[in-house]
Amino acid sequence: MLEFPAKLPNEKNADSPGVSLGRRGFLISAFGAGVTLAFLRADDALARGKVAQPARTAAAVPAFDPSIWYDIGHDGTVTVNIAKAEMGQHIGTALARIVADELEADWSKVRLNYVDSDPKWGVMVTGGSWSVWQNFDPLSRAGAAGRLALVEAGARLLREPVAACSARLGVVHGRHRSISYGEIVRRGKLTRVYTPEQLQAIALKTPAQRKLVGQTVQALDIPSKTDGSAIYGIDAHIDGMLYARPKIPPTRYGAKVLTIDDSAAKGIAGYVDTVALKDPSGTTPGWVMVYAKTYAAALRAADLVQVKWRAGPAAHVSEQDIVHYASKQLADATLGARVVDDEGVDAAFAHADLKLERHYTTATVLHFQLEPVNALVQEINGVWHVHAGTQWQSLILPVLAQALEVPEANVVLHTYLLGGGFGRRLNGDYCVPAALAAQAIGRPVKMILTRADDSHFDSPRSPSVQHLRMAFDASGKVTAMAHEASAGWPTQVMAPALLAKNSKGRPYDPFAIAGADHWYTVGAQRVRAVSNDLANSTFRPGWLRSVAPGWTNWAVESFIDEAAQAAKVNPLAFRLSLLQATGRNAGSAPNAVGGAARLAQVLQRAAEKAGWGAAMPPDTGLGIAASFGQERNMPTWTACVARVWVDRRTCMVKVEKLTMVIDAGTIVDPDGALAQAEGGALWGVSMALHEGTAFLNGQVKDTNLNTYTPLRMADVPELDIEFVSSTEAATGMGEPPVTVVAPAIANAIFMAVGSRVRHLPIRPAAVLTGLDKYGAV
């Protein structure tokens, strides 16, 4: 539903949601099967509200884009168009209830329509916890505009004054009679034009007047998911299609096919052919595709096809090489971009009475979404139809056009539910080999990657290296803090046009440093982001749920605990002393009202709920951490207290309980928000203690769930999650709960047994090393 691109965190007016109505108004018009509310691409006169009489039919309106927001059928059914990817987060339900609340629709008659790619939808992307945040106001106004138009039309049909009529549950009520939305659609000649100024002037409901937002209602996507009728990308089918499985080269970049021997595969019933793909987009160099009439045959045949490659330059790169290279980069102060660069940092460190310096690292993390990536592609009359679950259609469409050497208008991405996304499907690169496979053989092709194939072709979260320093004066006051980080930059690799720039024009990836620009008042502050070009050239760094704050906040909140220890102050009290809500940390309207004071509030509440300060059993500790979520201009204030027990014999860590308090402003979908918080918290545990791999000879070492070990059900802790009751702007829920868990666990380990760990994932060997170094508390 985005008509214009979302703003990046560093852009001007970034506190405003990323959807802008600009000079466009709305047209509500009855035609065909029902009523549609749409964007109106009007001329300057209309855009300025100078049209004397609104158009009476859709045909009379210039450049009318039908069905942008929703439509109402003759039976009163309201179908809300969803241009977001549904991957288990119930985003359709959340967005539809925003519309339906202001529209005064009958929720039992609301339906969802997940739309295919089309320029009229604007930028199609689902990520960054942006969906509700960006769309709350425009969707509210779309619903309210429809309600007002329906009330006016209903009043005419009832022959009553508009002031005497109101709408409730899909019905316009007059003084003595009423008429349903469906009947208005059937009988009325409904036409209404709103200029952008008129839309902005509409008085929306107050929180107390809302009937759907913030209330418990049935999620619209649950029935189809439970009865098996929901269709995911992997379910797509076209009669006569072939199946394909790729042979993936030993390096992501620079590989070249030398020879192919498919003689053994010819003995497999249903085997068709093996082809080396030619990819003008450079997405899949060195790929070989094995075709068969069934997927089982494609699996077996691919195992038998022998391919010899000349590997690319990364063939001998290891995880340690990437980490060592990052450390060398951070030692060179001229590299990268200073995202925050206050005056006086160097002077503060030069005159400090106490200086603290720590280094933190994180390992490569894979996505391992439940549904392995797949795509089905068919060409019809020169148009390439791509059937796949994707999170960022607008990113991969031009790449597909380049690969197929056709105009972008000749490529259509059809929308399906995602069996897990977690950021993997922001990079729709898997659509490219499927499209090339269909083009090469001249038939519809469905490509499905095995779990191991998926791992080799993943866009993992890059390993990271972070150096943090803090300066104290003689009174123990913090006078400066510096945070430097090196990692692979996904935006640089996949969407370089979206790189941000610092005050001196140096580019940086906001999704590889956000979180380091925290809300603590620490005197003079410096944040430097460095792109690890060895990582970028070895693999394709990707966005993974929680993005940069999943590892930057790990360093920040671990370091804040260590700073509290150095200052001999309780970790909670130390944090609260730095949350001063002044200067850059004061907050601003509409998204960050209250600033650091709201972060202090959730910290205090979480500590209270968890029993902070109470005596703990032996080898058990409470650790605390706080976060503002993914991006500073859309903060979701989150605090977590982890209770852990450490087995001194094995140094295994058991997370017994997570207590989390979240202030996400207005909660649109309470059940959905709780589900996202629970899932995010458990994802945080998984990445803190279990998940992680390493690069070896240019490829990830772990390619299946026998050696890559996410959180198991037996290790799920008790969860106590509370939302702050708020009427402030709705912010993101998908990722903030992830970011606080790992540092809370690490800080709890220290409180339990005195072992300080600085690497993710936290392995027993690291806990043992910390025990040997620090001893018991």
**Request:** Would you verify whether the NZ or CZ of Arg424 falls within 45 degrees of the ring axis of Phe457 while also being under 6.0 Å from that six-membered ring's centre?
**Result:** yes
**Message:** Please check if the number of heavy atoms outside Arg451 that lie under 6.0 Å from its CZ is greater than 12.
**Reply:** yes
**Asked** Does a side-chain N-to-carboxylate-O contact under 4.0 Å join Arg425 and Glu371?
**Response** yes
**Request:** Using a strict cut-off of less than 4.0 Å between a Lys/Arg side-chain nitrogen and an Asp/Glu carboxylate oxygen, indicate whether Glu86 and Lys225 qualify as a salt bridge.
**Result:** yes
**Item:** side-chain contact (heavy atoms from CB on, under 4.5 Å) between Leu544 and His367, intermediate numbers included
**Value:** CA-CA 7 Å; Leu544 182 139; His367 290 88; 3.7 Å; yes
Give a yes-or-no answer on whether the side chains of [X] and [Y] include a donor-acceptor pair shorter than 3.5 Å.
X: Ser531; Y: Gln492; value: yes
X: Glu379; Y: His385; value: no
X: Glu631; Y: Trp130; value: yes
X: Glu735; Y: Ser129; value: yes
X: His90; Y: Asp221; value: yes
X: Ser459; Y: Asn427; value: yes

**Prompt:** Do Val115 and Asn113 have side-chain heavy atoms sitting under 4.5 Å apart?
**Reply:** yes
**Message:** Does any part of the side chain of Gln439, heavy atoms only, come nearer than 4.5 Å to the side chain of Ile441, both counted from C-beta?
**Reply:** no
**Prompt:** Passes side-chain contact (heavy atoms from CB on, under 4.5 Å), Lys501 versus Arg506? Steps please.
**Reply:** CA-CA 5 Å; Lys501 289 185 178 180; Arg506 284 203 174 191; over 6 Å; no
Check whether any side-chain N or O of [X] sits under 3.5 Å from a backbone N or O of [Y] as a donor-acceptor pair, and report yes or no.
X: Asp235; Y: Tyr232; answer: yes
X: Arg461; Y: Pro541; answer: no
X: Asn374; Y: Ile234; answer: yes
X: Ser546; Y: Pro549; answer: no
X: Ser455; Y: Thr703; answer: yes

**Prompt:** Would you call the rings of His387 and His414 parallel, tilted or perpendicular, where under 30° means parallel and over 60° means perpendicular?
**Reply:** parallel
**Worked verdict on Thr283 versus Asp429 for side-chain hydrogen bond (donor to acceptor under 3.5 Å, both in side chains)** = CA-CA 7 Å; Thr283 306; Asp429 53 356; over 6 Å; no
**Request:** Could you go through the ring pair (Phe, Tyr, Trp, His ring centres under 6.0 Å) check for Phe539 and Phe695 one step at a time?
**Result:** CA-CA 9 Å; Phe539 59 97; Phe695 274 86; 4.6 Å; yes
Ring centres under 6.0 angstrom apart ([X], [Y]):
X: Trp287; Y: Trp309; answer: no
X: Tyr708; Y: Phe368; answer: yes
X: Trp683; Y: Phe422; answer: yes

**Message:** I'd like to know whether Cys431 forms a side-chain contact (heavy atoms from CB on, under 4.5 Å) with Leu413, so could you lay out the CA-CA distance, the side-chain angles of the two residues, the decisive distance to 0.1 Å, and finally the verdict.
**Reply:** CA-CA 9 Å; Cys431 296; Leu413 268 166; 4.3 Å; yes
**Request:** Search all heavy atoms of Tyr114 against all heavy atoms of Thr415 and return the closest pair with its distance.
**Result:** CB-CG2, 3.7 Å
**Prompt:** If you take all heavy atoms of Thr274 and Val288, which pair is closest and at what distance?
**Reply:** CG2-CG1, 3.2 Å
**Asked** When you look at Trp133 and Asn591, which way does the side-chain hydrogen bond (donor to acceptor under 3.5 Å, both in side chains) test go after all the steps?
**Response** CA-CA 9 Å; Trp133 173 65; Asn591 304 310; 3.0 Å; yes
**Request:** Determine, step by step, whether Tyr70 and Thr79 satisfy the side-chain contact (heavy atoms from CB on, under 4.5 Å) criterion, reporting the C-alpha distance in whole Å, the side-chain angles of both residues, the deciding distance to 0.1 Å, and the verdict.
**Result:** CA-CA 5 Å; Tyr70 59 84; Thr79 302; over 6 Å; no
Working to the nearest 0.5 Å, report the span between [atom1] of [X] and [atom2] of [Y].
X: His456; Y: Arg252; atom1: NE2; atom2: CZ; result: 12.5 Å
X: Ser462; Y: Ile322; atom1: OG; atom2: CD1; result: 6.5 Å
X: Thr636; Y: Met733; atom1: OG1; atom2: CE; result: 7.0 Å

